[in-house]
Amino acid sequence: MEVTITFTQGVIVIPPLELPTREIGAVVEFYGIVRELENGRQLSGLHYTAYESMAENQLARMFAELQKAEPCIAVHFIHRLGFVPVGEASLYIRVLAVHRGEALRFLAAAIDRMKADVPIWKSDRSEGHSL
Amino acid sequence: MEVTITFTQGVIVIPPLELPTREIGAVVEFYGIVRELENGRQLSGLHYTAYESMAENQLARMFAELQKAEPCIAVHFIHRLGFVPVGEASLYIRVLAVHRGEALRFLAAAIDRMKADVPIWKSDRSEGHSL
Amino acid sequence: MPVKLLAFAHTRDVLGFQERVFDCAPGDTPRALLARVAPTFDCAACRIAIDGEYRDWDAPIGAGRELALIPPVSGG
Amino acid sequence: MPVKLLAFAHTRDVLGFQERVFDCAPGDTPRALLARVAPTFDCAACRIAIDGEYRDWDAPIGAGRELALIPPVSGG
């Protein structure tokens, strides 16, 4: 499985859609967008931080584990860090697979597990920036 | 819910990503790609036909029904007809929702139900074109 | 009364047309119409739609104007 | 031996630093280190990682060189 994991401080740039093999039947893309209301509070955006080296290792291992149950051909993961304004993407994931079932289940499980275990944090203020 | 349903004879042109409200937190996009091997046979592409007026009505009703269980903000459905070469998209669906759960479940259910009930057909030869 | 019969996918080859208009008696069912115009057609392999809605093969066509033979679909 | 302690998210405010190096005795556990350098810190509210892997608060730091306080994550 081809895996890319990217953390970026700027706007997420979607890579052009390339199909490494002619057996790919399904491409699923997910954008996580910053919403105006979070827990009832109105925001202009969110600040994201990560423990990047650990996050990258955790993601790579998680993708390899998910791959056993839901074989996919490629996964491209991009998470934006720093300030992300409302209406812009903080997260982008693309999954390529032979069939849609694997692609959709891989995507859903990857997001669930990222939200449980991968050291990335959002905040409505820029914690630690004042230090 | 905003719904667009499009059948096109040419390459699917992905509409620019527009977010009608600032409460959208998840965008999911699906591409169904024509594969080289279908039931073990090597193909150069597939021909698609549809009973367009009925397909459009069935899709619109199906989306409205799915919306009750998985409320989403918009769905954009594009199906290509005619000859689609291997490696190109025959189907594109974009779902916008407040949360990823609804968006992913809506998408999965929409594809399943399309494949069960919506009058669209693929074939490895251009049936009816000789008539 | 005239009804238009549409054929899709492989039923176009079986029937030899994409669409054709037939005369229909009051109370005719889709199954009866097909038996008359294509006696060898296997209704069990197909669904029937009337004016764009799936219907029963044995329900009267009634005021329907457009019948469509819907073989197993395979979009996507 | 020196170990680097990283703080993320709100633990940066609690501890007052993003990273700092501390001296660590052989056999020290993460819980013992935190009790020494930040006595009021609530370990129950956080996970601990050693060299990029989640570990137990009560397992020896051993050859670990980088500890990280991982409060509940919220990526996406």
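Labels below follow one simple rule: chain letters A, B, ... track the order of the sequence lines, proteins then strands, and each chain is numbered from 1.
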>> Testing B/Val28, B/Ile24, B/Val27 one by one against A/Tyr31 for a side chain to side chain contact (heavy atoms under 4.5 Å, CB included), which residue passes?
In response: B/Val27
>> Give me the atom names and distance for the closest heavy-atom approach of B/Arg35 to A/Glu23.
In response: CD-O, 2.9 Å
> Given that the side chain runs from C-beta out, which part of A/Leu107 has a heavy atom under 4.5 Å from chain B: side chain, backbone, both or neither?
Replying inline: side chain
>> To check you understand the geometry: which heavy-atom pair defines the closest contact between B/Leu19 and A/Ile33, and what is its length?
In response: CD1-CG2, 3.7 Å
> B/Leu17 versus chain A, heavy atoms under 4.5 Å apart: side chain, backbone, both or neither?
Replying inline: side chain
> What distance separates A/Asp112 CG from B/Leu104 CG, expressed to the nearest 0.5 Å?
Replying inline: 9.0 Å
> Which region of B/Val95, side chain (C-beta onward) or backbone (N, CA, C, O), has a non-hydrogen atom less than 4.5 Å from a non-hydrogen atom of chain A, or is it both or neither?
Replying inline: neither
